[in-house]
Amino acid sequence: MQRWLMKTEPDTFSIDDLRTRKVEPWNGVRNYQARNFIRSMRRGDEVMIYHSSCAVPGVAGLGKITSAPYPDPGQFDPKDPYFDAGSDRGNPRWTLVDVRFVRKLKRVITLDEIKALRNLGDFALTRRGNRLSVLPVSDAQWQAILALE
DNA sequence: GCCAACGTTGGC
DNA sequence: GCCAACGTTGGC
């Protein structure tokens, strides 16, 4: 089983929205590196749900991958904000997975706290200038972050 | 293939 | 709202 972190802007889709929806197709990822991580996901992988572009950025909850990767339907819909005219139906460019709500953390574990952990090793979340919206989390990183809860 | 211009992300 | 960092686009 692999572990991941997926970012979302809580003003658009928060951990509370995921709890309400129970399972959500994680649509709209339009970055090749993030897409490649999505394509390597498997049913049962665990995910940290991270709130970005908000007052207190940080890990807000946990989820689980409940589907194999499959084509993001929005790429073919001209009315979809993530429409991509260059994507070929025979070889879709963009992929998503379904994410199921697992739990909301008792409190948000903030980016500041995560940065202050000195023993995380190489971590895409805290790399300088990082903008990846989907990134891998090692077992050690996962445990060190959740130990802060 | 280079690289300047442009758009987006996301912390602050 | 600002802006640094980065990805993408497109002219050459």
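Hydrogens, waters and symmetry mates are skipped; everything else that's a heavy atom, side chains included, is used. In this text the structure is predicted, and so the values were computed from the model without any measurement. Throughout, protein chains are lettered first and strands after them, A, B, ... in sequence-line order, and every chain is numbered starting at 1.
No single ILVMFWY cluster, assembled from side-chain heavy atoms under 4.5 Å apart, contains both A:F37 and A:Y32.
The distance from atom CZ of A:R30 to atom P of C:dG7 is 18 Å, rounded to the nearest whole Å. Here B:dG7 presents its C1' atom at 15 Å from OH of A:Y82, a figure rounded to the nearest Å.
Salt-bridge check for A:D98 with A:R43: failed, with every basic side-chain N at 4.0 Å or more from each acidic carboxylate O. Comment: A:D45 does not engage A:R42 in a salt bridge, judged by the lack of any side-chain N to carboxylate O separation of less than 4.0 angstrom.
A heavy atom closer than 4.0 Å to some atom of DNA chain B occurs in A:S52, A:S53, A:P57, these being the qualifying members of residues 52-62 of chain A. Near DNA chain B, defined here as any heavy-atom distance below 4.0 Å, the residues from residues 3-12 of chain A are A:K7, listed numerically.
Minimum atom distance to the side chain of A:K115 is reached by B:dG11, of the listed C:dA5, B:dG10, B:dG11.
Remark: the backbone N or O of A:R93 is paired with a side-chain donor or acceptor of A:S87 at under 3.5 angstrom.
Not counting sequence neighbours, the partners of A:R21 by the side chain to side chain donor-acceptor pair (under 3.5 Å) test are A:E24.
Atom OH of A:Y82 has 12 or fewer heavy atoms from other residues, nucleotides or ligands within 6.0 Å.
Using a 4.0 Å heavy-atom criterion, one finds that A:L132 contacts the sugar-phosphate atoms exclusively.
Of the side-chain N and O atoms in A:Y50, one or more sit less than 4.0 angstrom from OP1 or OP2 of B:dG11.
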